[in-house]
Amino acid sequence: MKKIRLGILGFGTVGGGTVGIINNTIKEIERRLGRHTTIVIEQIALRNLTKKRAVDTSGIKITTNPLDVVNNPDVDIVVELMGGTSLAKECFEIAIANKKHIVTANKALIAEQGNELFAEAAKNNVVIAYEAAIAGGIPVVKAIREGLSANKINWVAGIINGTGNYILSEMKQPNADFGKVLKVAQDLGYAEADPTFDVEGIDAAHKLTILASIAFGIKLQFSKIYTEGISKITAEDITFAQQLGYQIKHLGLASRTKDGFSLRVHPTLVPNSALIANVDGVMNAVMVNGDSVGTTMYYGAGAGAGPTASAVVADIIDIIRGLEQPPQDRVSGLGFALNSLKVEPVIDITEIECHHYLRCFAKDKKGVLATITKMMSDSNISIDNLHQEPCSTNKNDATLVILTNKVKESSINKLLEKLASFKDIDGEIQRIRIDSLE
Ligand code: HSE
């Protein structure tokens with residue numbers, strides 16, 4: 001039987017999950033490969049030699065130096081699961097030069113350096129597969145790149161960070177503010193000790209960069225993504241949104257507009273009627289709208305050993321299935337001919353038009369509401385819904401929640417500046433964009 005030999009870089013949660021699947025499921029995988037071929041794990045690079053592992057590694061060469069793996073002539077496919085963009089990039093470059101295919105879960109590296117890496121891989125006739133980088137176990141890369149390849153994709157919208165979704169979902173419980181829930185998420189191992197990447201939207205922006213590229217056939221443009229996190233969302237906002245028929249979700253949104261592409265990650269009020277509004281906890285979901293297929297949605301676990309390793313092993317199987325194909329017949333890394341990918345215009349967030357949720361605390365006295373609504377009308381902003389109730393923390397204030405009609409972001413920004421200097425408004429004004437995802 002022919003052996004395809006893996007070299008695994010990184011032996012954390014996903015590395016362990018990958019070895020576990022290969023150990024436990026190899027007979028089924030061989031049947032799927034159906035070509036008298038099997039997979040063996042040749043070498044693993046890990047950091048801690050003495051750490052006890054849940055999976056059997058007997059017979060596997062172990063090293064602490066990832067460069068040993070990418071230079072090992074007995075390794076056919078490098079499986080990069082260590083993360084980071086510096087050493088990982090060096091490993092990619094050496095692996096590619098050594099004509100090894102790569103499977104990775106490293107969204108940061110693909111989003112930030114993928115344009116060069118895919119070009120280098122193509123020159124060397126090797127594949128970089130990255131299904132595990134986006135939404136863990138959901139095969140959304142394959143769905144967009146292969147399953148929907150007949151479509152011109154109009155938009156993609158997704159909950160693509162499980163930690164953020166867990167936090168927003170838990171904040172629906174009584175007395176659960178952002179800080180408390182974040183601490184629970186850290187204790188449960190969902191959020192990193194430094195949760196910035198998850199809660200400030202950087203992780204989602206990496207994933208959205210890749211989704212936009214495979215959806216629209218554009219170069220990876222991470223630096224153009226407008227990114228806003230969830231750390232300023234309050235439990236009160238979540239309650240108000242619910243009272244008005246919405247859920248607050250941290251979405252990655254990529255759409256094709258007549259003026260360019262819109263690429264953004266921010267908290268969003270989504271109507272309860274949208275399927276994605278009901279995706280709670282650590283789960284991920286990605287909606288894709290194509291011109292022929294209409295709107296589709298993909299749901300599943302976005303992280304964790306089993307789900308992420310499921311995507312890693314599927315990529316390994318795919319690479320093996322394509323080994324005897326001429327390189328030009330393989331699906332290209334980003335799903336479009338590499339030489340057709342361009343840096344396309346991305347429209348500035350200030351040009352986006354949508355409905356907005358505004359919430360502020362204002363003095364509960366005559367004329368305040370009239371002044372605020374006058375400022376809105378002077379800014380040509382129409383009110384769709386207005387709700388007022390006593391402020392829970394200051395008896396002299398009222399809490400005002402206003403939903404606007406569709407308006408350009410630049411107009412809302414000007415209004416927010418005016419409101420901020422109005423002496424009868426206390427504290428910061430909350431602004432959350434609304435999207436009906438239709
Ligand atoms: N930190 C990510 C999340 C998982 O919370 O979704 C890996 O992409």
Side-chain angles (χ1 to χ4, degrees), residues 9-18 79-85 88 103-112 114 129-142 156-171 178 181-212 214 220 222 225 227-231 233 248-253 265-268 276 279-287 298-315:
L9 309 179
F11 203 38
T13 308
V14 184
T18 301
V79 181
E80 187 274 308
L81 303 171
M82 57 189 187
T85 49
V103 174
T104 185
N106 193 332
K107 57 245 158 190
L109 183 63
I110 298 292
E112 293 179 25
Y130 53 89
E131 182 70 74
I134 305 157
I138 311 175
V140 67
V141 171
K142 197 159 283 173
V156 177
I159 295 172
I160 43 182
N161 183 271
T163 308
N165 199 38
Y166 172 82
I167 292 173
L168 291 177
S169 305
E170 286 298 307
M171 281 172 72
F178 178 82
V181 178
L182 172 60
K183 173 79 179 52
V184 175
Q186 283 170 325
D187 292 345
L188 289 171
Y190 297 147
E192 306 288 330
D194 175 0
T196 317
F197 263 49
D198 288 324
V199 300
E200 296 307 343
I202 303 153
D203 175 76
H206 282 139
K207 294 167 181 166
L208 189 74
T209 303
I210 306 171
L211 286 174
I214 59 174
L220 296 151
F222 171 66
I225 308 254
T227 307
E228 194 180 300
I230 57 168
S231 52
I233 302 292
I248 301 181
K249 292 291 170 197
H250 198 200
L251 294 186
L253 294 155
V265 171
H266 54 67
T268 311
I276 203 165
V279 173
D280 277 339
V282 287
M283 301 310 275
N284 282 197
V286 181
M287 299 174 76
Y298 310 88
Y299 168 88
T308 312
S310 157
V312 168
V313 176
D315 273 348

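No hydrogens, no waters, no symmetry mates; every other heavy atom, side chains included, goes into these values. Each ligand, and each atom within it, is numbered from 1 in the order the structure gives.
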To the nearest 0.1 Å, how far is atom 5 (O) of ligand 1 from its closest protein heavy atom, and which atom is that? T163 OG1, 2.5 Å
Among all protein non-hydrogen atoms, which one is nearest to atom 7 (C) of ligand 1, and what is the separation to 0.1 Å? K107 NZ, 3.1 Å
Just to be sure I read this right, does ligand 1 sit under 4.0 Å from the backbone of D198, its side chain, both, or neither, counting only heavy atoms? side chain
Report the residue from I225, I134, I110 that forms a side-chain contact (heavy atoms from CB on, under 4.5 Å) with T209. I225
Mind checking the NZ-CD1 spacing from K249 to I159? Nearest 0.5 Å is all I need. 4.5 Å
Protein contact of atom 6 (O) of ligand 1 - nearest heavy atom, named by residue and atom, plus distance: G162 N, 2.7 Å
Is the closest side-chain donor-acceptor distance between E200 and T227 under 3.5 Å? no
N284 to ligand 1: N or O pair under 3.5 Å? no
Is there a donor-acceptor pair under 3.5 Å between the side chain of T163 and the backbone N or O of Y190? yes
Taking only non-hydrogen atoms of N161 and a 4.0 Å limit, the atoms of ligand 1 in range are 1 (N), 2 (C), 3 (C), 5 (O), 6 (O)
Please work out whether any backbone atom (N, CA, C, O) or any side-chain heavy atom from C-beta onward of V282 is under 4.0 Å from ligand 1, and answer side chain, backbone, both or neither. neither
For D203, the ligand 1 atoms with a heavy-atom partner under 4.0 Å come out as 2 (C), 8 (O)
Decide yes or no on side-chain contact (heavy atoms from CB on, under 4.5 Å) for I160 and L211, but give the supporting numbers first. CA-CA 10 Å; I160 43 182; L211 286 174; 4.2 Å; yes
Nearest-contact summary for atom 4 (C) of ligand 1 - protein heavy atom, Å: A303 CB, 3.6 Å
For residues V140 and E131, determine if any side-chain heavy atom of one lies less than 4.5 Å from a side-chain heavy atom of the other. yes
Rounded to the nearest 0.5 Å, what separates atom OH in Y299 from atom CD1 in I138? 8.5 Å
